[in-house]
Amino acid sequence: MERTFFAVKPDGVGRGLVGELLGRLERKGLRLVGLKLMQVSEGLAREHYADHREKPFFAGLVSFITSGPIVATVWEGREAISTVRSLMGATDPAKAAPGTLRGDFGLSISANLVHGSDSPESAAREISLFFRTEELVGAARPEESWIYAGE
């Protein structure tokens with residue numbers, strides 16, 4: 001099992017899309033193991049986007065993610081990182097395929113609804129930034145093995 005970080009950004013929360021966006025991940029067979037509604041501080045935003053610190057759009061990223069509440073989540077499942085990235089669609093909603101979260105609901109490259117980890121390393125880093133270990137539920141219980149049938 002693999003874990004990944006996924007966040008509904010302020011535009012998704014503000015537009016009332018949280019249930020739809022999270023529901024798509026659930027229907028894909030991923031298991032929700034962490035969830036919180038939160039306001040991201042400037043410090044956390046700067047740490048979260050540290051890889052982009054030297055890029056011209058860094059200030060915009062920090063400003064946007066701190067502009068309203070987000071829903072931070074952790075998901076578990078087989079190939080969870082690539083599965084979530086595929087469901088999200090291209091960063092630019094104009095280039096995202098229909099049926100993806102951004103293709104169906106995204107409005108612009110800056111207001112693109114969601115964030116998802118892009119590698120096992122970034123997933124581990126992002127999960128630890130937004131969640132304490134005790135805030136996450138354990139691995140899938142044996143009685144829930146049907147969730148991962150067909151592996």
Residue that, paired with Pro10, satisfies side chain to side chain contact (heavy atoms under 4.5 Å, CB included) out of Leu113, Val71, Ile65: Ile65
Give a yes or no on whether a salt bridge exists between Lys36 and Glu135, defined as a side-chain N under 4.0 angstrom from a carboxylate O. yes
Interatomic spacing from CZ in Phe130 to CE in Met38 - rounded to 0.5 Å: 5.5 Å
Are Leu136 and Leu44 linked, directly or through intermediate hydrophobic residues, by side-chain heavy-atom contacts shorter than 4.5 Å (ILVMFWY only)? yes
Shortest non-hydrogen pair, Ser41 vs Thr66, comes out as O-CG2, 3.7 Å
Rounded to the nearest 0.5 Å, what's the gap from CG on Leu61 to OG on Ser110? Could you check? 9.5 Å
Considering all heavy atoms of both residues, which atom of Val8 and which atom of Val18 are nearest to each other, and what is their separation? CG1-CG2, 4.1 Å
Are Leu35 and Met88 linked, directly or through other ILVMFWY residues, by side chains that come within less than 4.5 angstrom of each other? yes
Does the separation of the ring centres of Phe6 and His115 fall below 6.0 angstrom? no
Applying salt bridge (charged side-chain N to carboxylate O under 4.0 Å, His left out), run through Glu20 and Arg27 and close with a yes or a no. CA-CA 10 Å; Glu20 176 66 32; Arg27 288 190 298 275; 3.7 Å; yes
Phe57 CZ to Ile109 CD1 distance, which is reported to the nearest 0.5 Å: 9.0 Å
Reported CZ-to-CG distance for the pair Arg24 and Leu17, which is rounded to 0.5 angstrom: 9.5 Å
ILVMFWY cluster, Leu22 and Leu101 together (side-chain gap under 4.5 Å): yes
Among the clusters formed by ILVMFWY side chains lying less than 4.5 Å apart, do Phe64 and Phe5 turn up in the same one? no
Let me confirm one number: the CG-CZ distance from Leu107 to Arg102, rounded to the nearest 0.5 Å. 12.5 Å
Decide salt bridge (charged side-chain N to carboxylate O under 4.0 Å, His left out) for Glu42 and Arg46; before the verdict, give the C-alpha distance in whole Å, the side-chain angles of both, and the deciding distance to 0.1 Å. CA-CA 6 Å; Glu42 185 173 335; Arg46 289 181 172 283; 3.1 Å; yes
In terms of hydrophobic clusters joined by side-chain contacts under 4.5 Å, are Ile70 and Ile127 together? yes
dist Leu30:CG -> Glu76:CD (nearest 0.5 Å) comes out at 9.5 Å
Would you please test Ser86 and Thr83 for side chain to side chain donor-acceptor pair (under 3.5 Å) and show each step? CA-CA 5 Å; Ser86 177; Thr83 299; over 6 Å; no
